[in-house]
Amino acid sequence: MRGLALVGMIAIAFGLGSYYTTESLGGFAVANLAAGAVALLAAPVAAVARGARRAGAPTGRGRLLPRAVWVVFALAAAVALERCAQHTELQADWTAERRFELAPATRQALAELPGAVTATLYFEDFDPRVRRTRLLLETLEENAAALRVRQRRLAESALEADRYEVTRSNSVVLVLDGTFETVENPTEGSLYEALRRLGRRDETLLYVARGEGEGDFSSVEPIGYSGLGAALHAEGYRLRELVLAAASAVPEDAAGLLVVGPERPLRDATLTALADYLSGGGRLVVLLDPGRETGLEALLGAWGFELPDAVVIDPASGPVEGDAAGLNPILFTYAEHPVVRGLDSRRMLFLLRARPVLPTRKPAPQDDLAGVAFTSGRAWLTEQVRAAERGLLPAPPPDATRQHFPLAAAGRYPRDGVEARIVVFGDSDFASNRYLRALYNLDVVLNAVHWATQREEQITLRPKTLTPHQFPLTPQDSLRMFYGVGLVIPEGCLIAAALIWLRRRSA
């Protein structure tokens with residue numbers, strides 16, 4: 001009977017561990033909780049049945065009574081402890097990424113609300129998602145004097161639901177001065193972006209290059225960049241397209257210029273216009289892929305960036321997206337720079353078949369030029385770009401140099417009372433809709449734009465927003481998969497070891 005009880009406790013421990021780690025009742029958690037409950041209920045029943053013949057004897061009653069008292073005492077203590085925990089205001093977040101605390105960006109957005117905001121949760125009874133959303137809204141309300149939270153049953157609020165375009169339970173509507181934002185999948189990340197859009201007043205004009213195969217900010221396809229456009233809009237930028245082939249100069253009202261993955265060479269006149277723009281204190285953020293000769297390589301070379309037409313292979317990164325290990329590096333080494341402020345070895349970036357961005361020399365002594373995000377020290381370069389694009393891993397050349405290669409670099413150039421700023425990434429796919437919210441890609445892209453446009457006060461780490469079918473998996477999604485399958489083997493080993501220990505102890 002002890003073995004059955006022990007198996008039940010192990011199963012429940014693994015089930016609860018899976019639930020609290022993944023924040024969902026997956027199949028693994030449900031199976032363990034059900035099996036554990038059955039085992040724990042079966043153990044005392046079997047024990048009682050076995051000892052029923054001896055229960056009538058004085059010695060039997062003497063053994064059963066203290067055990068029954070202990071069982072009742074343990075249940076009462078557990079209920080009392082749960083009630084105390086429910087009513088206390090003490091909280092502890094032991095997760096590595098502080099997932100149960102508001103992100104710095106959320107606190108900043110709440111502090112900068114321009115007026116009173118009403119957050120209304122529309123729900124249906126017995127919706128299991130509502131409790132978590134309610135707790136999140138209460139936490140937001142505790143951290144913002146200008147935020148008031150309400151709750152409405154969806155069935156009793158048909159007119160409001162129509163007005164605010166609420167179509168399902170567990171939706172949140174934020175209202176400020178008659179303007180509203182409806183969030184159907186409320187997480188801290190989605191509510192943060194809605195608060196930013198709602199509270200935005202002044203907009204910074206950011207031009208986006210078009211005309212030479214650059215990324216399409218209107219496309220919602222996985223290879224498009226509508227997600228980046230929406231994120232920039234939420235951060236207070238107004239995007240305007242600039243067709244480089246038809247532009248003789250970058251407009252004077254531009255706070256900055258964003259060039260994402262051009263496919264074709266830029267015209268000489270365009271390159272001259274960009275050079276003049278930078279010489280006059282322009283701000284430029286460029287995402288360049290290997291295997292494309294755009295003319296920007298030579299332009300950026302004049303400002304100290306060397307961009308070899310090669311792909312960085314980092315064996316420290318495992319296979320991602322079906323490609324060979326190392327083709328799609330995951331970065332966790334950073335310099336001390338505002339673009340990567342707050343990132344560390346636990347907060348990673350993900351790039352695909354990226355080229356190195358080498359800050360080789362400063363054009364002038366007063367300039368500041370540095371790499372900001374690096375591969376591991378095992379990385380090497382291959383010039384077989386086409387093979388890498390097909391997902392093939394070339395063999396390292398005999399003279400391959402292995403080192404920390406920068407895949408992103410930034411430079412600032414004070415000149416005659418003005419200051420040019422440039423940020424260069426060796427990949428553009430990492431900012432596409434498919435990969436933008438993987439790991440900390442979004443934070444680095446937005447922070448690069450903030451730094452380049454001299455809005456450094458907006459640099460922060462944003463709350464994570466869940467995106468389904470995301471590759472590579474976020475750390476939490478990876479844990480969800482691990483706890484759904486990977487713990488079956490260690491759980492079985494632990495149960496077997498416990499049973500063997502009990503058998504030997506009883507021998």
Side-chain angles (χ1 to χ4, degrees), residues 202-219 225-226 228-229 232-233 235-289 292-307 339 357 359 361-364 366-369 408-426 428 431 445-456 458:
D202 299 328
E203 291 186 317
T204 301
L205 184 58
L206 180 68
Y207 280 84
V208 178
R210 292 303 307 275
E212 302 298 349
E214 293 88 353
D216 186 356
F217 279 71
S218 64
S219 173
Y225 292 85
S226 61
L228 178 56
L232 287 167
H233 183 60
E235 295 283 326
Y237 291 95
R238 180 161 51 96
L239 304 185
R240 181 177 296 174
E241 292 186 350
L242 178 65
V243 180
L244 294 179
S248 59
V250 177
E252 294 183 358
D253 59 353
L257 175 64
L258 181 57
V259 183
V260 178
E263 298 281 343
R264 297 181 293 274
L266 277 62
R267 297 167 56 239
D268 290 341
T270 299
L271 295 172
T272 300
L274 292 179
D276 293 341
Y277 171 64
L278 292 174
S279 298
R283 279 79 63 184
L284 180 66
V285 178
V286 183
L287 283 63
L288 286 180
D289 297 303
R292 280 93 173 154
E293 183 62 39
T294 65
L296 288 170
E297 296 80 11
L299 172 66
L300 294 171
W303 294 88
F305 298 94
E306 182 181 351
L307 295 158
V339 170
V357 183
R361 60 177 182 81
K362 296 190 295 184
Q366 71 272 21
D367 296 340
D368 184 6
L369 180 64
R412 44 191 297 270
Y413 310 88
R415 298 284 190 279
D416 300 326
V418 296
E419 181 178 281
R421 292 194 176 191
I422 304 174
V423 183
V424 183
F425 292 92
S428 65
V445 176
L446 293 181
N447 290 344
V449 174
H450 286 326
W451 181 81
T453 58
Q454 297 184 345
R455 287 179 46 178
E456 295 187 42
Q458 299 296 324

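One is the number of the first residue; the rest follow in order along the sequence.
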Is any side-chain heavy atom of Val260 less than 4.5 Å from a side-chain heavy atom of Phe217? yes
Taking the side chain from Arg283 and the backbone from Trp451, do they hold a donor-acceptor pair closer than 3.5 Å? no
Looking at every heavy atom in both Leu369 and Pro359, which two are closest together, and how far apart are they? CG-CB, 3.6 Å
Looking at every heavy atom in both Ala448 and Val285, which two are closest together, and how far apart are they? O-CG2, 4.1 Å
Full working for side-chain contact (heavy atoms from CB on, under 4.5 Å) between Leu296 and Leu307: CA-CA 9 Å; Leu296 288 170; Leu307 295 158; over 6 Å; no
Do Leu287 and Glu214 make a side-chain contact, defined as non-hydrogen atoms from C-beta onward lying under 4.5 Å apart? no
Would you compute the distance between atom CH2 of Trp303 and atom CZ of Arg361 and round it to the nearest 0.5 angstrom? 11.0 Å
Separation between CD of Glu235 and CD of Gln458, rounded to the nearest 0.5 Å: 6.5 Å
Do Leu257 and Leu274 have side-chain heavy atoms sitting under 4.5 Å apart? yes
Test side-chain contact (heavy atoms from CB on, under 4.5 Å) on Leu288 and Leu300; report intermediate values, then the result. CA-CA 11 Å; Leu288 286 180; Leu300 294 171; 3.9 Å; yes
Let me confirm one number: the CD-CD distance from Glu306 to Glu297, rounded to the nearest 0.5 Å. 12.0 Å
For residues 238-253, tabulate all N or O donor-acceptor pairs below 3.5 Å that involve a side-chain atom, not counting sequence neighbours.
unit_1	atom_1	unit_2	atom_2	d
Arg240	NH1	Tyr207	OH	3.2
Glu241	OE2	Arg210	NH1	3.1
Asp253	OD1	Tyr207	OH	3.0

Do the side chains of Glu212 and Thr294 get nearer than 4.5 Å, heavy atoms only? no
Return the CD to NE2 distance between Glu203 and His233, rounded to the nearest 0.5 Å. 6.0 Å
With Glu419, which residues qualify under side chain to side chain contact (heavy atoms under 4.5 Å, CB included), at least two apart? Arg412, Pro414, Arg421, Gln454
Where do Ala255 and Thr204 come nearest, in terms of heavy atoms and distance? CB-CG2, 3.1 Å
Ser219 and Ser226: which non-hydrogen atoms are nearest, and at how many Å? O-OG, 2.9 Å
Using 0.5 Å steps for rounding, measure from the CD atom of Glu293 to the CG atom of Leu266. 10.5 Å
Quick check: does any side chain N or O of Tyr237 sit under 3.5 Å from a backbone N or O of Gly229, one acting as donor and the other as acceptor? no
With side-chain contact (heavy atoms from CB on, under 4.5 Å) as the criterion, how do Val357 and Phe425 come out once you've worked through the C-alpha distance, each side chain's angles and the decisive distance to 0.1 Å? CA-CA 7 Å; Val357 183; Phe425 292 92; 5.9 Å; no
Would you compute the distance between atom OH of Tyr413 and atom NZ of Lys362 and round it to the nearest 0.5 angstrom? 10.5 Å
Walk me through whether Leu258 and Leu232 qualify under side-chain contact (heavy atoms from CB on, under 4.5 Å). CA-CA 11 Å; Leu258 181 57; Leu232 287 167; 4.1 Å; yes
Specify the closest pair of heavy atoms between Asp289 and Gly261, including all atoms of both residues, with the distance to one decimal. OD2-CA, 3.9 Å
